[in-house]
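Worksheet: one structure, shown below.
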Amino acid sequence: MKKLFTYIITLLLISCTSVEEKELFKVLDFAGANRDELEKVLEHYKKDSLKLKATCFLIKNMPGHAGYDSVSINNWQPIYDQLTVISEKYNWERSGLWARETRAFGENIRTTISPLSMQQDISTIKADWLIKEIDLAFNAWQENKYTKDISFEDFCSTILPYRFQNGVCLDDARQIFYKRHQGYFNDSTKTIQEMVDSLSYQYSFLQYNYNAAASVPIYSAATFEYIKRGLCEQMTWYNCLLFSALGVAVAIDFVPEWGNRNEAHSWNTIIINGESHPFEPFYDNDRWKYKRIYNNECFDLVWGKFRLPKVYRHTYEFYIEGPIADQKISSYDIPALFKNPRIKDVSSQYFKTADVSLEITEDIPDKTNYCYLCVYSFEGWIPVQWGKIGRNKQVTFKDMGHDIAYLPAFYKNGTIIPAAPLFILKQDGSVEKLECANTKTDITIRTPKPYLYKNLIADNKKPLIGGLFIGSNDPGSAESQYESLFTLTDSMDMWTNDIKISCKEPYRYIRFLPPSDTISLCEVVFKERQNGQLIEIPNVKVSANVKGFKDDETLDMLTDHLSATGFKGVFRKREERQQGILFDLGKPCKLEQISYIPYKKSEVADSLDFELYYWDNEWKSAGAIKGNNNFITFKQIPQNTIYKVIAPKIQERIFTYSNGIINWF
């Protein structure tokens with residue numbers, strides 16, 4: 001082998017730096033008994049400098065990559081057989097009954113799945129297999145008309161890797177995909193998005209399992225194709241195996257925790273000319289929406305608003321920076337996210353970011369060099385970015401997402417310790433500190449969380465889509481004599497919607513003409529400009545010939561400055577509906593904005609107790625109230641902070657409260 005080493009070193013002097021040489025030899029030493037297999041691959045490509053360089057890339061970044069072997073997968077086959085029996089029982093439809101039975105099955109077998117040890121690639125990978133994978137990657141790269149001109153560096157990061165997820169079995173999946181679809185991307189007459197969709201459609205039988213039997217292990221493409229149901233995380237690595245096998249530059253991006261929802265999410269992205277094009281991992285009719293709905297500015301018509309503090313990309317290669325690169329930091333003092341040396345920050349490819357600099361106001365614990373920005377989850381504060389603590393207790397957090405509440409914190413032995421006041425990074429990039437005040441206010445809520453299931457979003461929109469705001473100075477005027485101000489479309493959030501109005505003249509009376517005989521709103525606010533500022537018009541009177549569905553809801557709740565109250569009712573006669581709802585502003589006003597909040601069903605059930613907490617450098621209870629199926633009010637609560645309401649089996653969210661209006665985060 002000494003002769004081989006001399007030859008390799010000669011080649012590496014051309015393709016690698018001396019530092020890279022040392023890294024390669026360290027990894028080869030680390031391979032132990034499997035070193036010969038890796039050296040066979042290097043020997044195989046000794047006359048092909050580019051493939052040799054690619055081999056160096058794979059080997060140098062191989063430590064830490066690991067997976068289960070095919071024997072382990074076979075041992076789980078009886079579980080997969082039982083899952084398919086359940087799905088066949090329901091004709092592969094993901095019905096409520098299917099989900100219930102599958103979920104119960106998953107719970108029953110959770111304790112029967114024996115934990116297995118993953119095998120390190122560096123210690124087990126075989127030369128013949130790795131050579132086939134490298135040759136396949138190069139062939140697919142050059143055959144693909146869409147990505148054959150990408151840089152060698154991008155090729156190494158996105159097409160060359162044989163592994164995209166630890167745990168996945170190293171089998172012939174990519175070889176199989178290549179044989180199934182060889183030449184698929186050699187016709188560039190269509191866009192690559194169209195080609196990706198066309199191929200993905202062939203795998204649309206793979207569908208999301210709604211977290212039913214989520215604990216069942218899926219670690220091979222063959223298994224996934226057999227049971228046909230899985231999670232987003234599983235679909236992403238499957239897609240990477242599929243598309244990389246055909247020369248598509250593909251990766252997995254993820255948000256570690258939403259800024260306004262609970263939990264995380266993963267998806268795929270293809271890279272074209274250095275630009276990311278993210279798409280939904282499971283096939284659907286609007287797969288390429290992520291650049292649109294993940295821009296931290298708008299909202300999705302089906303799912304509502306998404307706010308992302310960070311987006312990271314899983315990588316094959318090492319990106320060692322921050323606390324994991326600091327040998328002075330104990331691993332117990334590093335959050336799990338930042339113990340991963342294979343993630344790359346790609347936030348700026350999705351949304352406008354801001355660097356946040358602040359001063360630490362709390363005492364810094366011993367041996368603490370880093371501070372973290374955290375977002376809220378019902379499970380607690382979750383670190384999503386790190387910052388190195390500098391002189392004078394200053395720290396900067398790079399590339400943060402807007403319109404999100406953040407808590408600066410230390411992380412010691414798994415515990416979050418506040419480091420500075422909680423703040424909101426506003427949409428314009430400014431920082432609003434939230435420090436609990438001595439002044440107090442009443443807080444009224446009708447739900448502990450802002451998001452709804454997509455069917456409920458559609459139901460809440462339906463009575464409003466096509467509704468028309470019109471203005472006049474004579475309440476008895478015919479509709480034709482009013483000025484049309486704005487027609488509501490399906491592009492509405494389930495919470496506050498701000499409509500910019502350009503009136504021809506000041507109006508005292510505003511009518512809302514609903515599209516059907518049902519009226520369904522929580523709040524309507526009118527604003528005019530005074531001294532350069534938008535000011536809410538007070539004491540607005542409201543009237544209509546409408547019958548409410550609930551005795552404890554009144555029409556004047558539409559203008560009571562409380563987003564948690566509301567009114568839902570029906571016009572019993574056609575002429576009553578044609579008159580709609582009349583808002584009397586008290587005097588002619590040159591409106592510039594109308595804000596409205598759609599009606600939502602109460603989630604303060606009378607069977608549950610709801611406890612309010614406010615943030616004062618820790619969560620403090622303000623007491624509990626029994627639900628009443630409508631809305632509840634907590635009395636005399638400290639202002640200028642963040643709140644949450646806890647109830648059994650509800651994943652709550654945090655919110656601010658100002659002038660009776662809830663703003664969710």
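As the structure is a prediction and not an experimental result, all values here were calculated from the model.
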Could you list the donor-acceptor pairs under 3.5 angstrom formed by side chains in residues 209-217, with sequence neighbours left out?
{"from": "N209", "atom 1": "OD1", "to": "N211", "atom 2": "N", "distance (Å)": "2.9"}
{"from": "N209", "atom 1": "ND2", "to": "A212", "atom 2": "O", "distance (Å)": "3.0"}
{"from": "N211", "atom 1": "ND2", "to": "Y208", "atom 2": "OH", "distance (Å)": "3.2"}

Exercise. Is the centre of the Y203 ring less than 6.0 Å from the centre of the H181 ring?
Worked result: yes
Exercise. Does any N or O in the side chain of K291 come within less than 3.5 Å of the main-chain N or O of K289, such that one atom is a donor and the other an acceptor?
Worked result: no
For this session: Mind checking the CD1-CD1 spacing from I192 to I271? Nearest 0.5 Å is all I need.
Result: 10.0 Å
Problem set entry | Other residues, nucleotides, ligands: >12 heavy atoms within 6.0 Å of D363 CG | no
Problem set entry | Residue list, side-chain hydrogen bond (donor to acceptor under 3.5 Å, both in side chains) with S244, at least two apart or on another chain | R174
Exercise. Is there a side-chain contact between I334 and I329, using heavy atoms and a 4.5 Å cut-off?
Worked result: yes
Exercise. Which pairs, with at least one residue in residues 154-165 and sequence neighbours excluded, count as a salt bridge (Lys or Arg N to Asp or Glu O under 4.0 Å)?
Worked result: D121-R163
Problem set entry | Y372: partners by ring-ring contact (aromatic ring centres under 6.0 Å, His included), with sequence neighbours left out | F338
For this session: Measure the shortest side-chain to side-chain distance between L199 and F243 over non-hydrogen atoms and say whether it is less than 4.5 angstrom.
Result: yes
Exercise. Between D345 and K310, is the closest basic N to carboxylate O distance under 4.0 Å?
Worked result: yes
For this session: Could you tell me whether the side chains of T236 and N268 share a donor-acceptor contact shorter than 3.5 Å?
Result: no
Exercise. Who are the salt bridge (charged side-chain N to carboxylate O under 4.0 Å, His left out) partners of E603, not counting sequence neighbours?
Worked result: K449
Problem set entry | Under the side-chain hydrogen bond (donor to acceptor under 3.5 Å, both in side chains) test, residues paired with D616 that sit two or more places apart | K620
For this session: With rounding to the nearest 0.5 Å, note down the distance linking CD1 in I382 to CD1 in I416.
Result: 7.5 Å
Problem set entry | Separation between CD of E652 and OG1 of T447, rounded to the nearest 0.5 Å | 11.0 Å
Exercise. How far does SG of C436 sit from CG of N617, to the nearest 0.5 angstrom?
Worked result: 10.0 Å
For this session: Could you check D286 against R292 for salt bridge (Lys or Arg N to Asp or Glu O under 4.0 Å), going step by step and ending with a plain yes or no?
Result: CA-CA 11 Å; D286 188 17; R292 183 178 75 250; 2.9 Å; yes
Exercise. How about Y184 and E143: does a side-chain donor come under 3.5 Å of a side-chain acceptor?
Worked result: no
For this session: Considering non-hydrogen atoms only, spot the tightest contact between E362 and I360 and give its length.
Result: O-CG2, 3.4 Å
Exercise. Heavy-atom distance under 4.5 Å between the side chains of P448 and K644, does that happen here?
Worked result: no
For this session: Please say whether the positively charged group of K398, taken as NZ for Lys or CZ for Arg, lies over the ring of W386, i.e. under 6.0 angstrom from the six-membered ring centre and within 45 degrees of the axis.
Result: no
For this session: Could you tell me which residues satisfy side chain to side chain contact (heavy atoms under 4.5 Å, CB included) with L58, sequence neighbours excluded, listed by chain and number?
Result: L130, I134, L160, Y162, Y316
For this session: For W303, check ring-ring contact (aromatic ring centres under 6.0 Å, His included) against everything at least two apart and list the hits.
Result: none
For this session: Would you mind reporting whether Y350 and D253 have side-chain heavy atoms less than 4.5 Å apart?
Result: yes
Exercise. Taking the inter-plane angle between the rings of F224 and W237 on a 0 to 90° scale, is it parallel (under 30°), tilted (30 to 60°) or perpendicular (over 60°)?
Worked result: tilted
Seminar exercise, completed: Residues pairing under salt bridge (Lys or Arg N to Asp or Glu O under 4.0 Å) where one sits in residues 411-436, two or more places apart or in two chains, turn out to be D333-K412
Exercise. So does N455 have more than 12 non-hydrogen atoms from other groups sitting under 6.0 Å from CG?
Worked result: yes
Exercise. Would you call K461 and D490 a salt bridge, taking side-chain N to carboxylate O under 4.0 Å as the test?
Worked result: no
For this session: Not counting sequence neighbours, which residues clear side-chain hydrogen bond (donor to acceptor under 3.5 Å, both in side chains) with Q234? List them please.
Result: none
For this session: Have a look at R307 and tell me which of N296, D403, N260 forms a side chain to side chain donor-acceptor pair (under 3.5 Å) with it.
Result: D403
Exercise. Taking W664 as the fixed residue, which of W495, Y657, Y376 is the one that meets the ring-ring contact (aromatic ring centres under 6.0 Å, His included) rule?
Worked result: W495
Exercise. OG1/T315 to CG/N61 distance, rounded to the nearest 0.5 angstrom?
Worked result: 8.0 Å
For this session: With ring pair (Phe, Tyr, Trp, His ring centres under 6.0 Å) as the test, would you mind laying out the steps for F177 and Y238 before giving the verdict?
Result: CA-CA 11 Å; F177 285 138; Y238 180 94; 5.3 Å; yes
Exercise. With sequence neighbours left out, what residues match R342 under side-chain hydrogen bond (donor to acceptor under 3.5 Å, both in side chains)?
Worked result: H65
Exercise. Can a donor-acceptor pair be found between the side chains of W288 and D197 at a distance below 3.5 Å?
Worked result: yes
Seminar exercise, completed: The ring-ring contact (aromatic ring centres under 6.0 Å, His included) partner of Y294 among F254, W267, F279 is W267
For this session: Kindly check if the number of other-residue, nucleotide or ligand heavy atoms within 6.0 Å of NZ (K339) is above 12?
Result: yes
Problem set entry | Residue pairs passing the ring pair (Phe, Tyr, Trp, His ring centres under 6.0 Å) test where at least one lies in residues 389-416, sequence neighbours excluded | Y406-F423
Exercise. When rounded to the nearest 0.5 angstrom, what is the spacing between CD1 in I252 and CZ in R313?
Worked result: 10.5 Å
